[in-house]
There are 4 protein chains.
Amino acid sequence: MRGRTDLAVEMREDIQREEPVSGVHVMTKNNGDTDIKEVRIVVENEEGAMCLGKPVGTYITLESEHLRQFDEGFHKPMMEVLAKNLKQFIGNKKKIMVAGLGNREVTPDALGPYVIDNLYVTRHLLAEGIISQSVEVSAIAPGVMAQTGMETVMILKALAREIKPELIIVIDALAARNSDRLNKTIQLADTGITPGSGVGNHRNAINQESVGVPVLAIGVPTVISVPTIVNDAMDVMVHAIGKQGAKNVLKKFSDEERYQLACEMVTPYLENMFVTPKDIDEAVKRISYTISEAINQAALA
Amino acid sequence: MRGRTDLAVEMREDIQREEPVSGVHVMTKNNGDTDIKEVRIVVENEEGAMCLGKPVGTYITLESEHLRQFDEGFHKPMMEVLAKNLKQFIGNKKKIMVAGLGNREVTPDALGPYVIDNLYVTRHLLAEGIISQSVEVSAIAPGVMAQTGMETVMILKALAREIKPELIIVIDALAARNSDRLNKTIQLADTGITPGSGVGNHRNAINQESVGVPVLAIGVPTVISVPTIVNDAMDVMVHAIGKQGAKNVLKKFSDEERYQLACEMVTPYLENMFVTPKDIDEAVKRISYTISEAINQAALA
Amino acid sequence: MRGRTDLAVEMREDIQREEPVSGVHVMTKNNGDTDIKEVRIVVENEEGAMCLGKPVGTYITLESEHLRQFDEGFHKPMMEVLAKNLKQFIGNKKKIMVAGLGNREVTPDALGPYVIDNLYVTRHLLAEGIISQSVEVSAIAPGVMAQTGMETVMILKALAREIKPELIIVIDALAARNSDRLNKTIQLADTGITPGSGVGNHRNAINQESVGVPVLAIGVPTVISVPTIVNDAMDVMVHAIGKQGAKNVLKKFSDEERYQLACEMVTPYLENMFVTPKDIDEAVKRISYTISEAINQAALA
Amino acid sequence: MRGRTDLAVEMREDIQREEPVSGVHVMTKNNGDTDIKEVRIVVENEEGAMCLGKPVGTYITLESEHLRQFDEGFHKPMMEVLAKNLKQFIGNKKKIMVAGLGNREVTPDALGPYVIDNLYVTRHLLAEGIISQSVEVSAIAPGVMAQTGMETVMILKALAREIKPELIIVIDALAARNSDRLNKTIQLADTGITPGSGVGNHRNAINQESVGVPVLAIGVPTVISVPTIVNDAMDVMVHAIGKQGAKNVLKKFSDEERYQLACEMVTPYLENMFVTPKDIDEAVKRISYTISEAINQAALA
């Protein structure tokens with residue numbers, strides 16, 4: 001553990017060997033003539049889960065340099081690759097509930113609510129016979145615990161009991177360890193949301209077990225945690241100091257000890273902070289739009 | 001019925017006689033040296049409910065010219081009178097859920113969500129032992145059916161089953177008939193929300209029967225419906241035309257027929273419109289703030 | 001004058017004769033296989049200006065039923081027709097300032113500010129040599145007089161003096177007379193903005209004369225004024241009353257007298273109100289996006 | 001220089017001696033029975049300016065633990081102390097322009113625009129004779145260069161030439177070095193805004209020289225820069241490593257070298273990031289409200 005991350009690809013990087021890890025299957029592919037790199041990590045059993053630090057399930061990462069730029073084409077290639085992947089998860093399910101997690105008022109955490117804003121919701125239209133499209137979509141942006149006083153998992157469980165969706169898609173802002181992945185990576189996980197290090201800091205897992213319905217999570221890393229940055233800076237620092245002695249001491253620390261050290265280096269107040277790019281507003285608007293369109297397209301077909 | 005209204009005081013005005021109405025009890029009082037007029041209408045039985053067109057229960061209207069003006073004192077008198085009234089409804093209940101109904105993106109309908117933004121939510125703080133204040137407050141701004149695909153009553157029922165509040169306070173923007181009441185009237189009703197004519201147009205009642213918990217509604221008229229305006233304009237128009245004949249014809253219409261006429265006068269598209277003041281953004285921000293503070297104060301004590 | 005309007009096409013309808021009006025030239029065309037109807041009204045001289053009630057200049061109205069619906073294609077046909085028309089106005093000008101007028105906090109008046117939010121601004125990027133695109137775009141959403149205390153024309157004049165654009169494009173929400181035109185019409189006018197009846201109510205003209213630079217206005221009707229509605233309802237009402245006498249009296253009124261009557265019918269407070277559709281938030285977001293993209297495309301080529 | 005800061009109090013701390021600095025006068029006082037600590041730093045001459053790294057002028061810092069908490073009293077003590085200080089700067093000036101700098105869409109940078117939202121603007125009301133209050137207030141939230149393509153100083157200069165205010169008050173989010181000062185410190189500076197390290201990163205100074213009118217800056221630190229954090233973590237880190245050698249090497253670095261080192265430790269992308277608390281939305285709303293009210297009160301009297 002070299003700093004907190006919500007990304008399976010980064011957790012895979014931690015396993016410092018090139019040879020295959022038992023129970024963890026990794027496939028990489030490119031998408032036609034786009035610049036979108038797709039990494040599919042399948043955690044096949046508990047051994048793999050222990051090793052990777054992520055529950056058994058499938059994690060797909062879509063990464064594109066493109067996603068970070070201004071684009072009058074609305075990031076159509078990414079949208080289409082995402083829609084195609086979503087369709088595989090949706091299969092022949094006919095009732096979907098989409099939950100946009102996060103705090104609308106905190107820019108890097110507003111991704112989920114913004115996706116809901118642009119979603120084509122159909123549940124009431126189908127009920128009234130206004131449309132006869134096949135997939136029923138309902139949606140909620142419940143807010144965060146500081147706004148509601150309620151755990152998000154509790155809200156979703158309560159709604160799922162009433163609406164009885166066959167699939168819940170949750171959208172959430174994530175924390176990455178590598179700043180280079182911010183705002184250009186989309187992760188799909190059929191394991192739902194695990195208590196993480198994002199802005200929102202969900203304390204309880206949101207998954208089939210806790211909600212009673214399969215949960216597909218769409219996540220985009222928009223922040224880095226402060227200890228992560230300090231941790232990353234360590235090697236450079238020690239190198240700059242240039243003392244072999246310092247290097248050796250640092251080598252004696254386990255990854256966990258190093259992260260603890262990084263945490264101690266920052267005051268308790270700093271642990272409650274996050275790091276985010278200055279152009280975060282543009283990034284969140286753009287990516288939320290791409291995700292909305294992908295869900296709309298996946299639900300239409 | 002001379003145009004749709006959500007205000008009990010306006011429905012009372014429709015009963016065109018000065019003598020008491022059986023089953024409907026009306027009390028008016030002033031609040032100390034403030035300009036706040038308080039009208040309390042108690043519908044005591046089904047006979048009164050039939051006559052007034054509102055369910056059995058208590059309706060309190062607070063009205064103040066003041067509420068419409070810029071005020072560096074944050075409308076403290078209104079806030080305190082509202083808090084005092086809220087406390088009477090809360091009594092010794094210890095668990096309250098507050099629901100801000102309406103669409104955050106439509107200015108006159110954003111009242112409910114804005115109240116939630118400024119609320120002091122305590123449920124999670126009490127659970128974690130961070131505070132030990134006596135009243136537990138949770139909150140939700142669920143959005144409208146066009147955003148969620150779900151009836152609001154269904155969302156609240158689902159959450160109430162999980163959270164088990166002793167009282168639900170719903171805040172909603174209302175429609176008034178008289179433009180002079182817009183943004184200066186606050187209505188409290190222990191009967192919850194009846195399917196009305198506000199911007200939000202709830203189709204199903206939100207009350208103890210439908211949600212399973214007592215529901216106290218706080219409403220502020222922020223819009224008028226289009227047929228209401230046309231209807232109101234009729235008398236003036238006929239008078240302007242000045243033909244006794246026209247007046248007589250109009251007199252033959254029942255109130256209901258007149259309202260039907262007004263509806264016919266406007267195209268179907270117009271029925272889906274609302275009328276609101278140009279300074280509605282200031283008004284909604286100001287009043288939502290006053291209501292938040294009143295709830296905060298009522299829950300603290 | 002049968003109710004206030006900012007649309008040249010509606011003012012043209014007022015001239016109740018089929019034969020050509022001297023000095024006013026009207027051309028109508030369809031756009032390929034789209035449903036976009038294009039009406040081009042050229043006011044050629046003062047005689048035409050007097051007759052139409054609009055300054056000498058060119059007014060293009062693009063109208064599409066499509067614009068009012070949910071559309072995963074982002075209203076691409078409308079965007080392209082608008083971009084094509086914008087390019088004709090831009091010609092070989094190299095410096096454009098875009099001004100999004102209106103109040104961001106009042107939904108139907110937020111069109112202008114929302115357009116600015118999605119605009120691709122290039123002035124600083126060109127200055128720093130980051131890009132070498134040919135057209136320089138700067139942008140401002142100045143807010144309304146109630147927020148700034150300053151007339152919008154004064155702000156634009158001050159900025160134009162500093163930035164020296166060759167063209168100012170102003171975007172503003174307009175008032176229509178016919179509710180059927182709301183949110184599906186885009187008007188282009190090379191005469192700028194005339195003091196109108198929109199939500200914003202600019203008191204002073206924004207045009208080449210007042211700002212010192214050619215002004216192209218892009219306007220979308222998002223509201224109707226209350227007197228307009230009452231006025232429109234009159235014929236239906238009189239017909240419903242069915243008295244020949246009433247009809248005759250109404251016939252004696254001139255259009256101006258009728259409008260005065262409609263104004264009198266509504267209280268002074270009502271004159272400061274506007275009428276807007278309940279789905280105005282969706283409409284404004286959608287159309288502002290279409291306009292941003294059209295400007296982006298017109299400026300790129 | 002131990003990490004970038006916009007706060008004079010933090011720059012004063014850098015001067016590592018207890019004895020007085022020539023040309024820099026520091027006074028500290030408490031405010032009655034409040035918890036508000038007031039530090040007044042007067043840079044009296046160029047020698048002091050060189051030493052402190054801030055232009056000649058007066059810097060007042062108001063600091064209160066209170067400002068960071070939920071408070072149903074709207075932080076009235078802070079508001080009043082701020083209003084009192086503002087009045088001293090305003091003196092008998094009768095025309096004030098308030099500029100809320102920053103990006104409304106990026107939470108920690110939205111402080112300035114939010115202050116404008118709650119301001120009582122009077123310029124147009126005075127012009128129309130609606131009120132006869134003595135101080136004229138106009139306001140603008142111009143947006144940031146990425147939104148406008150224009151330097152903020154250019155916009156303010158253009159408006160000042162037109163409006164001719166006697167004083168411009170600019171409100172801006174700042175960067176602090178010490179996370180413990182975030183969201184509980186308000187700085188007043190009669191030297192305007194110097195190109196800084198806040199979210200907004202103004203490249204050009206906004207002061208009397210550049211705008212032509214005296215500029216009073218109100219700033220609140222809402223972010224820390226990433227290099228600052230790494231820099232601060234260094235001592236702790238070296239101590240943790242526990243090697244005397246490492247410590248000694250670090251001691252050889254000048255402050256400037258240390259900061260350079262910290263910058264090198266973070267990637268170029270990271271330099272374009274900021275660190276902010278997770279509860280930043282609440283903090284910014286709360287403090288912007290306090291500042292608006294203070295300006296409103298200072299302008300009324």
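Keep in mind that the numbers below use all heavy atoms, side chains included, and drop hydrogens, waters and symmetry copies. Here is how names work: the chains are called A, B, and so on, in the same order as the sequence lines, proteins then strands, and each is numbered from 1.
- Per-residue heavy-atom pair counts under 4.5 Å with chain D were compared for A/Thr276, A/Val106, A/Asn103, A/Ile280, and the maximum is reached by A/Thr276.
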Worked check of side chain to side chain contact (heavy atoms under 4.5 Å, CB included) between A/Ile224 and D/Met273: CA-CA 10 Å; A/Ile224 311 176; D/Met273 304 182 90; 4.1 Å; yes
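- Here the CD atom belonging to A/Glu105 is positioned 5.0 Å from the NZ atom belonging to D/Lys285, to the nearest 0.5 angstrom.
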